Enquirer: 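Mind looking over this structure? Questions follow.
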Amino acid sequence: MTMEDKLRTPLPRDFYARDPRIVSRELLGKVLVRREGKKLLAGRIVEVEAYLGLNDPAAHSAAGRTLRNAVLFGPPGHSYVYFIYGNHYCFNVSCLPDGEAGGVLFRALEPLLGIKEMARARGIFLDGRPSNTRDLRKLTSGPGRLAEAFGITRMRDNAKDLTGADSDLFITADSYPSPRVRNTVRIGITKAAKRPLRFLIAGNEFISRV
DNA sequence: TTATAGATTGCCT
DNA sequence: GGCAATCTATAAT
């Protein structure tokens with residue numbers, strides 16, 4: 001069985017219909033997949049952050065439902081993509097049952113498949129192959145970077161159902177040993193900055209920051 | 001209608 | 001380590 005065969009089946013909606021902290025922990029070690037025509041992009045999820053909804057001042061859903069954040073209040077397993085600092089997209093998945101707000105932000109991936117395509121999408125020239133870790137880190141180590149590498153935009157991907165069998169964007173399980181999870185404060189926020197809602201694979205080289 | 005902060009990144013010193 | 005880039009949602013006038 002090839003790696004492509006293993007990366008075929010999206011996680012089901014039930015997986016996402018839980019507390020974002022639980023979903024965050026369990027997403028670590030799984031694989032984000034993008035189908036680009038015949039090409040397949042894949043990256044192991046190594047760093048995420050939970051955003052809790054109405055009771056979390058740092059969450060976009062904190063002040064209640066709006067047109068922008070409606071996905072976070074909707075059914076689980078849908079992508080929430082927003083544009084930040086006039087430059088970057090950030091990619092989240094909605095959690096909790098329909099009507100309850102919550103989500104997980106994808107902060108860093110370890111590139112697995114489609115490395116040349118990711119480099120092209122990022123405007124980076126990789127010299128030689130295989131590329132070293134320092135080069136690969138530039139592709140998907142950071143929320144804006146991974147979105148760009150996977151071609152994730154608001155127009156193309158916001159509100160997309162990530163659990164559909166024919167979706168071009170989804171998360172899948174992989175036969176990868178359960179990672180040792182480390183829990184820290186979230187990065188880059190000013191409100192509720194001390195809550196320990198960032199989750200990462202301990203020791204992984206592809207996390208966005210130490 | 002105008003002002004400002006923002007779940008970031010890359011370039012410069 | 002500092003800071004500009006550059007759009008959008010929301011707050012303030």
Side-chain angles (χ1 to χ4, degrees), chain A residues 16 19-21 23-25 27-28 32 43 45-74 76 78-96 101-111 118-127 131 133-160 162 169 171 182-201 205-210:
Chain A
Y16 301 103
D19 186 295
R21 288 165 285 204
V23 177
S24 289
R25 286 185 171 277
L27 278 175
L28 293 176
L32 177 67
I45 300 163
V46 302
E47 178 186 344
V48 297
E49 283 176 358
Y51 286 85
L52 302 185
L54 295 171
N55 298 318
D56 179 2
H60 287 181
S61 46
R65 184 179 192 135
T66 64
L67 191 60
R68 177 203 196 193
N69 66 25
V71 175
L72 294 172
F73 288 82
H78 286 67
S79 62
Y80 170 57
V81 181
Y82 63 89
F83 195 53
I84 190 70
Y85 294 118
N87 286 295
H88 310 286
Y89 291 100
C90 289
F91 170 59
N92 304 249
V93 59
S94 63
C95 298
L96 294 170
V104 174
L105 168 71
F106 289 72
R107 287 198 54 92
L109 308 173
E110 175 176 344
M118 293 185 202
R120 187 161 55 232
R122 292 269 298 120
I124 290 172
F125 177 74
L126 296 180
D127 50 7
S131 301
T133 301
R134 202 185 60 197
D135 285 341
L136 290 175
R137 278 183 45 79
K138 295 177 188 159
L139 300 179
T140 52
S141 291
R145 289 172 168 180
L146 74 88
E148 187 169 49
F150 275 63
I152 294 172
T153 65
R154 182 170 170 155
M155 169 111 46
R156 181 178 178 189
D157 298 301
N158 190 48
K160 184 174 280 180
L162 304 181
L169 187 64
I171 296 102
R182 205 151 76 80
N183 179 215
T184 78
V185 295
R186 293 178 292 191
I187 292 194
I189 57 170
T190 53
K191 302 172 203 159
K194 303 185 104 161
R195 300 186 72 165
L197 296 175
R198 174 177 179 237
F199 300 87
L200 54 96
I201 295 181
E205 298 179 277
F206 293 90
I207 59 171
S208 65
R209 298 198 218 168
V210 287

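We name chains A, B, ... by the order of the sequence lines, and we start the count at 1 in each one. This structure is a prediction, so every number in the text was calculated from the model and none was measured.
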Enquirer: Looking at every strand, decide which applies to A:T190 at a 4.0 Å heavy-atom threshold: base, sugar-phosphate, or nothing.
Expert: sugar-phosphate
Enquirer: Is a side-chain N or O of A:E47 found less than 3.5 angstrom from the main chain of A:S208, in a donor-acceptor match?
Expert: yes
Enquirer: Does the ring centre of A:Y80 sit less than 6.0 Å away from the ring centre of A:Y82?
Expert: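 Yes; A:Y80 has its ring centre under 6.0 Å from that of A:Y82.
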Enquirer: C:dA9 phosphate, OP1 or OP2: any side-chain N/O from A:R154 under 4.0 angstrom?
Expert: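 A:R154 to C:dA9 OP1/OP2: side-chain N or O found under 4.0 Å.
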Enquirer: Answer with yes or no whether A:Y82 presents, from its side chain, a donor or acceptor under 3.5 Å of a partner atom in the base of B:dA7.
Expert: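 Checked by distance alone, the answer is yes.
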Enquirer: Rounding to the closest angstrom, what is the interatomic distance between C:dT6 and B:dT2 at atom P?
Expert: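 Per the computed distance, 22 Å lies between those P atoms.
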Enquirer: Here's a test for you: under salt bridge (charged side-chain N to carboxylate O under 4.0 Å, His left out), which of A:R186, A:R107, A:R209 qualifies with A:E49?
Expert: A:R107
Enquirer: Would you please confirm or rule out a distance under 4.0 Å between OP1 or OP2 of B:dA7 and any side-chain N or O of A:R198?
Expert: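 For B:dA7, OP1/OP2 do not have a side-chain N/O of A:R198 under 4.0 Å.
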Enquirer: Calculate the interatomic distance between A:R186 atom CZ and B:dT8 atom C1'; express it in whole Å.
Expert: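 After rounding, the gap between these two atoms is 16 Å.
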Enquirer: With a 3.5 Å cut-off and heavy atoms only, can you find an N or O donor on one side and an acceptor on the other between the side chain of A:N87 and the base of C:dT6?
Expert: yes
Enquirer: Please state how far atom CD1 in A:I84 lies from atom C1' in C:dT10, giving the value in whole angstrom units.
Expert: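 Rounded to whole Å, this separation is 12 Å.
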Enquirer: For A:Y51 and B:dA7, are the ring centres under 5.5 Å apart with planes inclined under 30°?
Expert: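 A stacking contact exists, since A:Y51 sits close and nearly parallel to the base ring of B:dA7.
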Enquirer: For the pair made of CG in A:L146 and C1' in B:dA7, what is the distance, rounded to whole Å?
Expert: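 Going from CG in A:L146 over to C1' in B:dA7 covers 12 Å.
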